[in-house]
Structure formats: structure tokens, C-alpha cells
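Please read all numbers here as calculations on a predicted model, not as lab measurements. Per chain, numbering begins at 1; letters A, B, ... match sequence-line order.
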2 protein chains.
Amino acid sequence: MKAKSFADMACSIAGALEAIGDRWSLLIVRDLSIGLSRYDELQTSTGMPPTTLADRLRHLESTGLVEKRRYSQRPPRHEYVLTAEGRDLWVVTMALAQWGDRWDASGRGAPPVDFIDRGSGHPIRLACVDAQTGEPVAIDQVRLRPGRGADDLVRWRIAQGAKRP
Amino acid sequence: MKAKSFADMACSIAGALEAIGDRWSLLIVRDLSIGLSRYDELQTSTGMPPTTLADRLRHLESTGLVEKRRYSQRPPRHEYVLTAEGRDLWVVTMALAQWGDRWDASGRGAPPVDFIDRGSGHPIRLACVDAQTGEPVAIDQVRLRPGRGADDLVRWRIAQGAKRP
DNA sequence: CGCAATAACTACAATAATTGTAGTGAGTGA
DNA sequence: TCACTCACTACAATTATTGTAGTTATTGCG
């Protein structure tokens, strides 16, 4: 059957996953973030079948994460670039990369890619910080609270989860 | 055809996606992170079909993100809890939530869930920081470099991307 | 000019996966 | 005994995914 939509779920995570699409889409976003832009580059890099690639690019275009641009009239040549919204997914791919590095998800015993500060040359990581002060916050200090966009299910979920933290 | 595996891709992102499975799996991880643990809680919370839920739980168990525990002999009752590896995916779900909040992926005009510091009550966010000093780093300061686990394709990808940043 | 090559896909048939609905079994509480 | 909860499984219908092959448009080379 048709894949069920996550769009009407009152959840930012579900909405984000819906906008992205699937695993392949995230690999595309990864590559576009790095700087790849052409169809055949994406195919080479991801190894995905052409039908799936074309389909996912259409999806990412329809959800506004990717823009298809013609960079040559003759011959007709296209490139795919991330929109501001798509570029912002950088944090998501970096979170996945950081997790994958820590737990050796690549199976190579060492990170395939290092993220480093262009200036200092130091490695970079994602951290939980106080949005106002910028001070680091330990994850067990984080608490969930229904927000203005919450519905009954969200409230139930948080209440249910609070019983056994 | 059978979904192609991401396991042998020399990429931590691909490896992480393989370990997780698919969109539904991430919704499960979200719920387990919050504190839900029982099969029917997960079904209510996610709204996913039972066959898919059972399948995804088996997958998450097989990749070591989730542990199935019997918490009652009579009647036989089970609960699903995240392993250390699974709990660590917290950063990924938070990255998705943060992106979704920023771009209103939930379609509700406001975040369904607020992440706040238990102590100060301040909102919390993910930030890119220097792994050594903890200082904040702007995303356009981040550079990619092939790591010790890189292969030819990773090197090609980074080199290709560096041409047009 | 003729021919190979490149970019960017589409077509197609086989195979898998997903979905909704329904049903199962084990056990409890009334 | 009956209704109920929990934790799933069975099943058929429908869709999606995959690999291979082929297409269209154009350029560069000899």
C-alpha cells in the first residue's frame, strides 16, 4: 500500500521526516550539503538506482528542500541545489554522522569523514546548549513540555513518558 | 525488490540510517526516548500498523538500539527500552525536532513540544561547538576532511564537493 | 561527416514491502 | 463465565523498489 503520510501528526520530528522522504533522500541531502549538484554525481556517490533518484529529487523539490536549476541551455544541463530550508538540515546529517562515528556505524573502525573548524583545525561536534546563554546543558537536564502547537496526543505522550523517565 | 542495504557504504550517516531502519523506526526511538515502553503505547502514539511496528521493533532489536524485556511473568508482559546506543540517538531526534520547529514542519504554526532546561527553565537548542574548547562554531566555518575510515568514494565525494562550495 | 561519449533521465518486469482489517492466545478482574 | 487488556500474527490487496536497458539531446574528436 501507499506509504502513510506523517504530515498530519502534530510532531516536528514526523513533519521533518515527511519533508525529507526516506533514507535515500537524506543521502542526497548529505551530498548536496557537501557540494555535489549533478544527477550523475549523485548517482555515483549514493549508488542508488536512477528511478529512485529521479523520484526522490522530485519529492525533495516538491517539499521545498531542493531546487532544480538549468545551468546550460545547450546542451540542456541541470543541477540540484539545496534551498535555505535544505541547507538547514545540515544539523540533522551532522547528528547522524556524529552518532555513526561514535558507534562505528560505518564498520570501518574510524570516522570516514572528519568535521573540523576551518580556522583552528579543531574537531567539531554538536552540543546541547541553553538557547539564551549558550552554556552547555547535560541531556538528562532536558525536560519536555507541551508547546503551543501541541494536541491531545502530544500531551498524552509527554504525560505518559513522564511517568517512567 | 529487497531494500538495498546501506551497511557497506563507508559512511557514518548511511550506517546510522541502516541501524535505525526507516521513518517509523525514528518515531519509535522518539517515543522510547520520551519514556514510552509498551507495544500498545507505541501503536497508539505512532498510529502505525501492528505488522510494521512488530517488524521495526525486531529490526531495532537486531541492530542493538532497543532491548526487549519481560517485566511480568504472569501474565507475560514485555517492554521495549533503548540501549545506551539507542539513547544516544537523542541528538538526532532533537536535530529533527529543531529543524521541524524552525520550518513549521508540523504545520501547526508553533512547536508541539518545547525542550527546556529542568534547572533554569530556559529553552534548549543544538549548537555546533569546538570539541576541545566548547566554543561555538559557525556552520560555514566547518570543513570536511577524509578521515582514517575513508575510502576512494569518500575522497572523491569530498574532493568533488570542494570544487563548488 | 561519422562515431563515441556525456548528461539526464524514462521504461519495464520482477520482486519486496506496506497497509488495513481481522483474529489469536494468554491471562486477569468482576 | 464474560468482558477486557496486552501483545502480537495472518492475510490479501496494493504500492514501492530494484536492476537492466534504452532514450534524447548535444558536444568533441578524428
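For the pair B/Lys68 NZ and D/dA7 P, the computed distance is 10 Å after rounding to whole Å. Rounded to whole Å, the distance from CZ on B/Arg77 to C1' on C/dA26 is 8 Å. For A/His78 and D/dT26, the NE2 to P distance is 11 Å, given to the nearest whole Å. Atom CG of B/Leu36 is separated from atom C1' of D/dC6 by 15 Å (rounded to the nearest Å). Atom-to-atom, CD of B/Gln160 to P of C/dA7 comes out at 10 Å; the value is rounded to the nearest Å. For the pair A/Glu79 CD and C/dC9 C1', the computed distance is 17 Å after rounding to whole Å.
No hydrogens or angles considered: a donor-acceptor pair under 3.5 Å links the side chains of A/Asp22 and A/Ser25. Counted by atom type alone, A/Arg30 and A/Thr93 present zero donor-acceptor pairs between their side chains at under 3.5 Å.
The phosphate of D/dG19 has OP1 or OP2 within less than 4.0 Å of a side-chain N or O from B/Lys4. Considering only side-chain N and O atoms, B/Tyr39 lies nowhere under 4.0 angstrom from the phosphate OP1 or OP2 of D/dT9. For C/dA7, the OP1/OP2 oxygens have a side-chain nitrogen or oxygen of A/Arg38 closer than 4.0 Å.
The local environment of CZ in A/Arg148 is sparse, with at most 12 non-hydrogen atoms from other residues, nucleotides or ligands closer than 6.0 Å.
With sequence neighbours excluded, the residues forming a salt bridge (charged side-chain N to carboxylate O under 4.0 Å, His left out) with A/Asp88 are B/Arg102, listed by chain and number.
Proximity of a side-chain donor or acceptor of B/Thr46 to a complementary backbone N or O of B/Leu42 within less than 3.5 Å is detected. A donor-acceptor distance shorter than 3.5 angstrom exists from the side chain of A/Gln98 to the backbone of A/Leu126, with no hydrogens or angles considered. Side chain of B/Ser37 to backbone of B/Glu79: no donor-acceptor contact under 3.5 angstrom is found. Using modelled atom types, no side-chain atom of A/Asp114 and backbone atom of A/Ile116 make a donor-acceptor pair closer than 3.5 Å.
Within residues 44-64 of chain A, the residues that place at least one heavy atom under 4.0 Å from DNA chain D are, in residue-number order, A/Pro49, A/Pro50, A/Thr51, A/Thr52, A/Arg56. Within residues 22-33 of chain A, no residue is approached by DNA chain C to less than 4.0 Å at the level of any non-hydrogen atom.
Rounded to the nearest 0.5 angstrom, A/Ile139 CD1 and B/Phe115 CZ are separated by 12.5 Å.
The listed nucleotides are C/dA8, C/dC9, D/dC8; the one nearest the side chain of A/Tyr71 is C/dA8.
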